[in-house]
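See below for the structure under consideration.
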Amino acid sequence: MAQLSTKIKEYLKANGHTEVDLMQDVLLQDDGQGPHIKEWNISGVAKPSDSDLSAVESAANTAEANAQVIATRVALYGGAIKQLENIIENGLDAEIARVAQIKADNPKS
């Protein structure tokens with residue numbers, strides 16, 4: 001199950017909003033019974049109902065899975081210095097092949 005914040009982002013994306021500030025636009029709160037929307041400060045888009053959020057569950061799960069894959073890829077790529085060293089030592093084609101293999105081993109959904 002996706003986090004509420006991810007579901008909200010997907011709900012807003014489905015309604016034409018690509019940016020959301022979860023510190024100002026939408027405030028979440030957890031009173032011990034799970035997170036909920038405390039404040040909805042986005043004009044032009046209605047505060048989502050539970051069914052609205054359920055409708056974007058699949059997209060939110062995919063977004064979270066892809067975020068994890070991207071984090072794994074970034075860790076495996078190494079920093080710019082590691083990449084440059086590999087290019088200098090082994091050539092650009094070797095670095096392109098290494099990155100392609102990392103992507104193949106860690107596919108996004």
Exercise. Taking atom types as modelled and ignoring hydrogens, do the side chains of Asp31 and Gln29 form a donor-acceptor contact shorter than 3.5 angstrom?
Worked result: yes

Exercise. Mind checking who shares a hydrophobic cluster with Leu12, ILVMFWY linked at side-chain heavy-atom distances under 4.5 Å?
Worked result: Leu4, Ile8, Tyr11, Val20, Leu22, Val26, Leu28, Ile37, Trp40, Ile42, Val45, Leu53, Val56

For residues 75-87, which side-chain donor-acceptor pairs fall under 3.5 Å, sequence neighbours excluded?
{"residue": "Gln83", "atom": "NE2", "partner": "Gly78", "partner atom": "O", "Å": "3.1"}
{"residue": "Asn86", "atom": "OD1", "partner": "Asn90", "partner atom": "ND2", "Å": "2.5"}
{"residue": "Asn86", "atom": "ND2", "partner": "Glu95", "partner atom": "OE1", "Å": "2.5"}

For this session: Among residues two or more places apart or on two chains, list those pairs meeting side chain to side chain donor-acceptor pair (under 3.5 Å) that have a residue in residues 12-28.
Result: Glu10-Lys13

For this session: Applying side chain to side chain donor-acceptor pair (under 3.5 Å), name anything that partners Asp93, two or more places apart in sequence or on another chain.
Result: none

Problem set entry | Hydrophobic cluster of Val74, others only, ordered by chain and residue number, side-chain cut-off 4.5 Å | Ile70

For this session: Could you tell me the separation between the CG atom of Asn66 and the CD atom of Gln68, rounded to the nearest 0.5 Å?
Result: 10.5 Å

For this session: Name all residues meeting the side-chain contact (heavy atoms from CB on, under 4.5 Å) criterion together with Asp30; count only those two or more places apart in sequence or in a different chain, and write none if there are none.
Result: Pro35

For this session: Under the side-chain contact (heavy atoms from CB on, under 4.5 Å) rule, collect the residues that match up with Ser58, sequence neighbours excluded.
Result: none

Exercise. Got a sec, which residues hit side chain to side chain donor-acceptor pair (under 3.5 Å) with Asn41, two or more places apart in sequence or on another chain?
Worked result: Glu39

Problem set entry | Residue pairs passing the salt bridge (Lys or Arg N to Asp or Glu O under 4.0 Å) test where at least one lies in residues 60-73, sequence neighbours excluded | none

Problem set entry | Heavy-atom closest contact (Pro107 atom, Val69 atom, distance) | O-CG2, 3.6 Å

Exercise. Looking at residues at least two apart in the chain, or sitting in another chain, which of them share a side chain to side chain donor-acceptor pair (under 3.5 Å) with Gln101?
Worked result: Asp105

Seminar exercise, completed: Shortest non-hydrogen pair, Thr6 vs Ala63, comes out as CG2-CB, 4.1 Å

Problem set entry | salt bridge (charged side-chain N to carboxylate O under 4.0 Å, His left out) involving Glu57 - partner list, sequence neighbours excluded | Lys7

Exercise. Who pairs with Asp52 by side chain to side chain donor-acceptor pair (under 3.5 Å), at least two apart in sequence or on another chain?
Worked result: Ser49

